[in-house]
Amino acid sequence: MKGINFKIELTWQDIAKRIALMLGTVLFIVWFMPRDNKPSFKVEMDKVWRHNDLIAQFDFPVYKSDSVIQQERRQVLKDYEPYYIYDKEKGQQMEHLFITEIRQKQPGLSGSFINAVSSRIRVLYKQGIVDTKKPMKVAEDTVRAIRRIDDKEATSIDAGSVLTPVEAYERLRLDPGLMYYHEAISKMDINNYLVPNLTYDKSRSEESMEDLVASVPLAIGVVQRGQKIVSRGDLVDEHTFQIITSYLKEIELRHKSESTFNSTVVGELLFVTLLIGAFTIYLSIYRRDYFERIRSAMMIYALIVLATVDASLLVEHNLFHVFLLPFAIVPIFIRVFMDSRTAFMAHVVVVLICATMLQRPLEFISVEIAAGLAAIFSLRELSSRSQLFWTAIITSSVAMLANLAVFMIRSGNIERIEHTEYVFLVLSGIILFCCYPLLYLIEKFFGFTSDITLIELSDMNKDLLRRMSEVAPGTFQHSIQVGNLAAEIARKIGGNPQLVRTAALYHDIGKTQNPIYFTENQSGGISPHDQLSYIESAQMIISHVTEGLKLANQHNLPNQIRDFIATHHGLGKAKYFYIKYKNEHPDEDIDELLFTYPGPNPFTKEQAILMMADAVEAASRSLPDYTEQSIRTLVNKIVNSMVEEGYFRECPITFRDIAYAQTVMIEKLKTIYHTRISYPEEKKNGA
């Protein structure tokens with residue numbers, strides 16, 4: 001059994017970059033993950049319990065509802081008696097002061113009048129004059145009694161018997177026994193002698209009220225640890241609803257502690273680090289080239305962060321349903337721009353991280369993994385926009401079937417199915433289909449080129465291709481043949497056929513600037529090179545690479561296409577003119593850079609394929625006869641020469657791939673240049 005090659009040549013700088021990318025992703029995800037770890041399900045009375053069986057993880061009281069508690073508190077507050085401090089000297093002082101001042105101010109008043117008024121004042125002070133009656137109002141009720149503190153003794157008295165100074169004055173003024181003295185009383189400032197002798201004791205009163213409120217029990221029972229609260233499929237009645245609500249309240253109280261918070265954060269950090277770390281190791285072993293193109297790695301990690309953060313926000317704020325999010329978009333985008341295995345691995349990481357935030361992780365994992373697989377399998381090649389439509393339909397259908405299957409396994413009663421989840425899955429499919437603009441943005445921002453873009457670039461009505469067909473028809477036909485040849489090789493050795501076919505159409509666009517200098521566009525045996533030196537001719541031939549790059553920049557061709565233009569000759573030489581010059585100047589030191597293409601050499605498998613196909617197709621046109629032997633000799637000579645000169649040292653193409661490429665080119669050229677059989681002539685009679 002072949003083992004995994006863990007010997008990865010990495011510099012400390014490479015390791016530091018990958019660790020920084022991994023830790024940045026972990027911290028960003030954990031920052032947005034729910035902190036309280038509370039259950040995210042909603043409890044509704046008289047509805048079927050669709051979650052897993054709920055088992056008490058600890059002992060907790062069954063709390064009364066808020067309405068019941070408020071009602072019981074109002075009931076006990078009817079016995080509330082606010083405390084007032086009694087000043088027994090105050091009445092005597094005010095009565096004596098009244099008699100003294102009235103006799104001084106109005107010496108003509110009769111003694112019987114003064115005695116009548118003073119006796120009424122004495123009675124009022126005996127009843128009690130309070131400084132405020134506000135404490136006697138509790139909620140919607142009025143207290144029936146107050147506590148009068150006389151020294152150290154508290155006596156309960158009727159709250160209706162005490163008066164405010166204003167009420168005491170009115171009672172005195174309207175006393176029937178003093179009706180003959182109303183005019184005299186109204187001329188006196190008698191209210192100056194009616195001051196409170198009962199002062200509200202705020203601290204003692206509030207303490208008494210708190211004791212009464214605290215006497216109302218908040219719970220009506222206790223649920224033991226391990227006791228089943230509700231089973232999946234049961235109807236949530238009022239009693240069960242109260243128990244579940246109490247359980248959630250107790251969980252919230254327990255998770256307010258700092259130690260629990262720290263434990264949750266540490267757990268999230270550990271779990272996310274394990275998953276992201278494992279994914280980073282996978283990329284380092286199997287997809288090292290993604291780290292060489294940092295934008296590729298950044299796109300993968302950005303998609304993971306985006307999906308998990310969206311799920312976190314949805315769960316944290318209890319919005320809609322998590323099935324609303326099109327998680328399949330992560331494997332779809334990675335599959336379109338990269339490969340299926342990486343798409344699946346990234347999807348698994350996203351689903352497992354999001355599952356830790358939910359109360360029903362099994363259902364979520366089952367549904368989303370099935371949907372992700374369906375998305376990957378249905379999108380092997382994105383060649384048209386309609387494929388996104390069918391992918392969205394297939395993905396949503398598989399997700400709904402998976403959800404139905406898990407529900408039937410867990411519940412067994414199809415009549416209690418929750419239709420809301422399927423509505424969200426349908427909406428998720430619609431969102432998935434509408435994400436095409438996001439595909440375009442990712443393509444532009446991260447520098448990728450999708451198959452749809454490649455197909456659009458292959459349109460022969462594009463300005464560059466149409467101009468090539470008009471001014472350089474030979475080059476145009478050559479490019480088409482190279483594209484067909486290269487695409488066939490790519491299919492055989494696992495390259496991207498659409499990429500190499502499109503690149504082949506544009507690899508020689510630089511020849512449109514001076515088409516007559518290239519053999520395939522010449523006619524009549526006339527060549528403008530006859531008027532140039534070998535160095536000038538070589539420079540003219542080499543210039544089609546730099547001119548092609550200029551045209552690519554002017555027409556905003558993708559970077560991947562520009563790379564093909566730059567590498568299709570690599571660091572090779574314009575050999576025809578180089579050898580001619582060398583033969584005529586055998587003793588001269590030749591500046592080889594004058595005959596060398598700017599390069600670089602190919603650094604992807606597809607670029608190597610195009611280089612081989614381009615050279616072989618061009619050379620095949622000069623064969624004197626097209627036999628199997630001559631074609632085989634030509635192909636092997638050209639490709640073996642490229643290998644010997646080291647053109648493929650920097651690209652991930654194997655000798656096995658090169659051998660397959662040679663075989664494909666030989667067979668294709670045999671088909672292209674097959675000779676017709678000669679038909680026999682009919683003999684005439686007598687001939």
Could you label the plane-to-plane angle of the Phe364 and Phe323 rings as parallel, tilted or perpendicular, counting under 30° as parallel and over 60° as perpendicular?
-> parallel

Side chain proximity check, [X] to [Y], heavy atoms < 4.5 angstrom:
| X | Y | value |
| --- | --- | --- |
| Ser312 | Met357 | yes |
| Val26 | Leu269 | yes |
| Ile353 | Ile276 | yes |
| Ile29 | Met33 | yes |
| Ile376 | Ser340 | yes |
| Tyr301 | Leu283 | yes |
| Thr391 | Phe433 | no |
| Val213 | Leu77 | yes |

Could you list the residues that satisfy side-chain contact (heavy atoms from CB on, under 4.5 Å) with [X], not counting sequence neighbours?
| X | answer |
| --- | --- |
| Gln70 | Arg73, Arg74 |
| Asn496 | Asp451, Gln498, Leu499, Glu606 |
| Val423 | Leu427 |
| Gln13 | Thr11, Lys17 |

Whether [X] side chain and [Y] backbone form a donor-acceptor pair below 3.5 Å:
| X | Y | answer |
| --- | --- | --- |
| His347 | Glu368 | yes |
| Ser396 | Ile393 | no |
| Tyr422 | Leu404 | yes |
| Ser208 | Arg204 | no |
| Lys605 | Ile493 | yes |
| Ser378 | Ala375 | yes |

Who are the side-chain hydrogen bond (donor to acceptor under 3.5 Å, both in side chains) partners of Ser205, not counting sequence neighbours?
-> none

Residues which pass side-chain hydrogen bond (donor to acceptor under 3.5 Å, both in side chains) with Glu72, listed by chain and number, not counting sequence neighbours = Lys64

Which value, rounded to the nearest 0.5 Å, describes the distance between [X] atom [atom1] and [Y] atom [atom2]?
| X | Y | atom1 | atom2 | answer |
| --- | --- | --- | --- | --- |
| Ile332 | Phe337 | CD1 | CZ | 11.5 Å |
| Phe279 | Ile300 | CZ | CD1 | 5.0 Å |
| Met299 | Ile334 | CE | CD1 | 5.0 Å |
| Leu432 | Leu325 | CG | CG | 11.5 Å |

Checking [X] now: which residues fulfil ring pair (Phe, Tyr, Trp, His ring centres under 6.0 Å) with it, not counting sequence neighbours?
| X | answer |
| --- | --- |
| Tyr83 | none |
| Tyr290 | none |
| Phe424 | His321 |
| Phe333 | none |

[X] atom [atom1]: more than 12 heavy-atom contacts under 6.0 Å:
| X | atom1 | result |
| --- | --- | --- |
| Phe603 | CZ | yes |
| Met22 | CE | yes |
| Gln71 | CD | no |

Walk me through it: do Phe648 and Asn601 pass the test side chain to side chain contact (heavy atoms under 4.5 Å, CB included)?
-> CA-CA 7 Å; Phe648 305 142; Asn601 285 327; over 6 Å; no

Of all heavy-atom pairs between [X] and [Y], which one has the smallest distance, and what is that distance?
| X | Y | value |
| --- | --- | --- |
| Val322 | Leu314 | CA-CD2, 3.7 Å |
| Ile609 | Ala490 | CD1-CA, 3.8 Å |
| Ile565 | Ala552 | CD1-CB, 3.9 Å |
| Ala402 | Ala370 | CB-CB, 4.0 Å |

Using a distance-only test with no angle check, is there a side-chain donor-acceptor pair under 3.5 angstrom linking [X] and [Y]?
| X | Y | answer |
| --- | --- | --- |
| Ser203 | Asp201 | yes |
| Thr280 | Arg18 | no |
| Asn403 | Glu421 | yes |
| Thr342 | Tyr286 | no |

Test salt bridge (Lys or Arg N to Asp or Glu O under 4.0 Å) applied to Arg295 - qualifying residues, sequence neighbours left out = none

Sequence neighbours excluded, the answer for salt bridge (Lys or Arg N to Asp or Glu O under 4.0 Å) partners of Arg562 is none

For the pair Leu21 and Phe291, evaluate side chain to side chain contact (heavy atoms under 4.5 Å, CB included) and give the outcome as yes or no after the intermediate values.
-> CA-CA 10 Å; Leu21 184 60; Phe291 285 112; 4.3 Å; yes

